[in-house]
Every structure is written in structure tokens, then in C-alpha cells.
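Beneath this line is the structure, given in C-alpha cells, with notes to follow.
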Amino acid sequence: MDNLNEYLGGRIIKTTDLKPETLMYLQNCGGEIVAATFKKNDKLFCRRCLMEIKKLPIKFQYCRNCINLGKIQIDEQLLITPTNLNFPQQEDYLVWDGQLTTNQTKGVRELILAFQQHRNHLVWAVTGAGKTEMIFPLIEQVLQQGQRIAICSPRVDVCIELFPRIQKVFPKTTVGLFHGRSEEPYHLTQIMLATVHQLIRFEKAFDVLVIDEVDSYPLAGNKMLHHAIKKAKKDTGMIVYLSATPPKELLTQVKQQKTSITRLYQRFHGHPLPEPRCHLLLKPTQFWKINPRLRLLLKRLIKTKQRFMLFFPQIPVMKQFAKQLKKLYPLLTFVDVSSKDDQRLEKVQQFREQKVQGILTTTILERGVTFKKIMVIVLDAQAKEFSKTALIQIAGRAGRGKDSYDDQVHFYYQAYNQQIRLACDEIRYLNQQAKK
């Protein structure tokens with residue numbers, strides 16, 4: 001028989017993908033066989049991703065929305081594996097010698113109350129407020145009750161960074177990391193870290209879902225992924241949303257009292273957010289290969305050995321800049337990363353381990369990564385790719401350490417526009433709120 005650990009826990013699996021004896025055993029354990037599709041208002045929908053199936057001009061009709069997870073034809077059957085599971089009891093779940101701030105402690109109380117009331121909750125906290133540490137006591141509560149939790153993000157990088165932190169503080173609990181590039185196959189764990197896309201494979205599987213960076217691409221505005229989040233939660237479960245820049249829809253739910261909220265305006269170390277310094281470049285970034293004003297900055301960084309993150313609106317612009325940077329400063333060590341870079345994770349790790357001085361990147365690293373003692377620089381900040389939210393998140397990469405709270409942030413632009421103004425205004429506003 002197949003390794004049952006690879007199927008248990010509310011997984012949605014095509015019956016044809018299972019051996020007959022495995023299928024029978026999973027049914028006997030409480031698994032349910034259902035049709036791959038269902039009709040609503042004379043429209044056909046996929047049971048796995050809950051999206052409408054548009055008719056194709058071919059004989060075999062299938063769902064194109066979730067085809068990346070394997071083709072589902074409309075006449076097939078699915079097995080939803082059992083979710084009533086028994087996890088071993090422990091004396092101590094959480095092993096952490098850190099200490100929460102007064103604001104974090106208040107937030108934890110609000111989180112636990114929402115958990116007890118089976119109510120969805122939003123943690124609206126500035127970047128670097130210590131959101132991850134705040135969910136430790138919540139995870140402990142979930143585990144003590146023998147329940148199951150998934151911590152998800154739209155971004156692979158965020159999941160990979162969180163995984164060792166969760167493993168470290170819950171050393172005796174099974175923790176799994178699953179995403180599109182995972183080398184190990186899915187297996188049942190009490191704590192699951194995964195990209196939001198992985199939730200499409202589950203139905204009523206988790207007592208608590210923690211969704212980090214809820215406003216981030218590709219989750220923002222993605223109907224299928226939002227369906228997946230709701231579908232993966234048990235009927236009595238709760239969803240915790242974590243964000244420094246929550247979307248309007250969530251704030252509307254809070255206003256309507258459908259979702260409770262915790263607000264954290266202060267970083268864990270008590271210091272304000274670094275406020276961006278704005279610079280007008282009279283000539284384009286590429287003027288004389290690299291704008292002379294930027295050359296002065298780069299020379300200063302090289303001389304002082306200051307580590308830095310350099311953000312670009314587009315990959316080609318970044319690649320061209322990197323080429324000129326190598327020519328002008330051959331002794332400077334740096335990497336460049338983007339969403340299309342297969343070695344992105346390895347390069348980010350190089351920068352984290354201080355093997356290189358700089359990292360050139362697009363908005364792919366605007367959130368979910370933590371580096372200490374760095375300068376953050378945005379080039380062409382007026383570009384459409386840099387929304388107000390993106391600029392706030394990028395600025396939030398700086399000043400994250402107790403010993404480097406005053407890291408500098410610089411915005412360079414050819415035109416001062418609304419998104420730059422709004423980002424700077426909101427950062428100042430958050431700092432003012434933190435003083436109250």
C-alpha cells in the first residue's frame with residue numbers, strides 16, 4: 001500500500017491517481033468520494049479550485065484554472081481525504097526564550113480571544129513589528145488542543161525564511177514546508193508552511209489558517225486563491241491575516257465587524273520606521289551609463305563597505321545597471337535577483353550570509369525578507385511598478401535590527417508623484433501614531 005502519510009489531512013486527490021487498496025482504505029478512514037465538478041446557476045464549477053469551467057471546443061472538457069496542479073476532467077471523481085486526525089500530546093510545545101513587548105502582548109490577547117470565538121482576525125502591523133513572534137502563542141494554543149495549523153504566504157521566499165524559525169521554537173512538533181519547488185512530496189504535519197497556491201489541494205483541512213502578506217502579489221485580487229483559503233479552513237476554524245498594508249476589502253470586513261483587528265504601529269525594538277530621503281535626478285538613471293549622482297553614492301558605499309539593497313522597476317533596467325556596475329566597480333561584490341531567476345533563493349542567502357556587499361532586485365524582494373545593517377535604495381521610484389504599498393514595503397526592509405534601527409532609505413526619481421508622496425506620508429503617519 002502507498003505511504004498514507006502523503007494523502008491524509010483533507011487532501012483533494014483524483015481517484016485515478018490512487019491504487020485501489022489505498023482508495024478503499026482512505027474511504028474506510030472517512031474519506032469522501034465526490035464528483036470533480038458541480039453546477040451552480042447553470043454554470044459548471046471545479047470542485048478543487050471552485051472556479052467556473054468554460055467550455056472548450058474539444059471532446060474532453062477539463063478545468064484550465066488549476067491545471068498546474070494536474071489536469072481534472074469534468075467526468076472524473078475526487079477523493080477528499082479524512083481530516084479527523086490524532087496528533088501526539090506533548091508537555092511543552094513552545095520552546096522560545098524571547099520576550100514580547102507590551103504592544104505585542106496586547107495583540108496576542110486579541111488573537112487568542114478571536115481563536116476562542118472562532119472568529120477571523122486581522123493583524124495590521126508595521127513592517128518589523130514582530131508579527132511572526134506574535135503568532136507563536138496562537139500556534140501553541142492550536143497544538144495544545146490537538147488541532148492543525150497552516151501558515152501561508154503568496155511568496156516562496158517568505159515560506160522558506162519562516163520554516164526554520166517555526167521549527168526552532170516548536171522542535172517536537174511535525175512541521176512541513178511545501179511549495180511549487182519543494183523537493184520533498186507532501187506529507188501530513190501538524191504545522192504546515194506553504195504558498196497559498198498549495199491550499200487549492202485542500203478542503204476543510206485546517207483549524208487555523210495564518211495568511212501572511214495578504215495584500216501581496218499574486219494573492220491580491222486573485223479570486224481562485226481567496227476561494228482556496230476559505231475552502232481549506234474547517235467550518236469551525238479561523239483565518240488570521242497578517243499585513244503592514246491591508247487591502248480595502250479586509251478593512252471593510254473589520255468595519256462591518258465580520259473580522260476583529262489588532263493594530264501595531266511600533267516596531268519590536270521601539271524605534272520609528274526609517275523615513276525615506278527623496279532625491280530628484282535631473283537626468284535619467286542610465287545617463288552616462290550610471291547617473292553621476294548615483295556614482296557618488298555608490299563610491300561612498302564601497303568606501304565605507306556599507307551593505308545595500310538596490311530596487312529597480314523592471315528586470316531589463318536592473319540587468320543593464322548590473323552590467324555597468326561590474327565595469328565601473330570590478331571589486332564590488334553583488335548579486336541581482338528577479339522572479340525569473342532560478343537561483344534567486346541561493347543568491348538571497350549569499351546576501352544574508354554577507355558573502356556579497358549588495359543585492360540588486362525588483363519588487364520580488366519588497367517584503368518577507370529580513371536583513372540587518374543595510375541601506376535601501378529605490379531607483380526610478382516614480383515608475384508605475386512602485387505603488388504606494390510597494391514603496392512602503394521596500395522602505396520597511398531597512399532598520400529591522402535593534403542595532404541598526406536607523407538604516408537609511410533613499411528614493412531617487414525623475415518626477416515626484418502621488419505614490420511617492422503617499423508612501424512617505426503614510427510612513428510619517430505611522431510613526432506619529434506609534435508615539436501616542
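Listed by chain and number, the residues in a ring-ring contact (aromatic ring centres under 6.0 Å, His included) with Phe386 amount to none (sequence neighbours excluded). Remark: Glu353 engages Gln349, Lys355 in a side-chain hydrogen bond (donor to acceptor under 3.5 Å, both in side chains) (not counting sequence neighbours). Residues passing the ring-ring contact (aromatic ring centres under 6.0 Å, His included) test with Tyr412, sequence neighbours excluded: His279.
Looking at Asp235 and Lys204, a side-chain N of the basic residue comes within less than 4.0 Å of a carboxylate O on the acidic one, giving a salt bridge.
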Inset, instruction - Quick one: do Lys233 and Glu203 satisfy salt bridge (Lys or Arg N to Asp or Glu O under 4.0 Å)? Show the steps, please. - result: CA-CA 7 Å; Lys233 178 182 74 72; Glu203 184 169 318; over 6 Å; no

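The 12-atom threshold is not exceeded at CD of Gln418, counting heavy atoms of other residues, nucleotides or ligands nearer than 6.0 Å. Summarising the local packing, NZ of Lys14 is surrounded by more than 12 heavy atoms from other residues, nucleotides or ligands at distances under 6.0 Å. At most 12 non-hydrogen atoms from other residues, nucleotides or ligands lie less than 6.0 angstrom from CZ of Arg263. Residue Glu184 qualifies as enclosed at atom CD: its count of foreign heavy atoms under 6.0 Å is above 12. Within 6.0 Å of atom CZ in Phe38, more than 12 heavy atoms from other residues, nucleotides or ligands are found, so the atom counts as buried in its surroundings.
Lys248 NZ to Gln253 CD: the interatomic distance, rounded to the nearest 0.5 Å, is 15.0 Å.
For the pair Lys71 and Tyr62, the cation-pi test (distance below 6.0 Å, angle within 45°) is passed. For Arg201 and Tyr186, the positive end is not near the middle of the six-membered ring at less than 6.0 Å and at most 45° from its axis.
Arg367 pairs with exactly one of Asp157, Asp215, Asp212 by the salt bridge (charged side-chain N to carboxylate O under 4.0 Å, His left out) rule, that one being Asp215.
In this model, no donor atom of one side chain and acceptor atom of the other lie less than 3.5 Å apart for Thr362 and Gln314.
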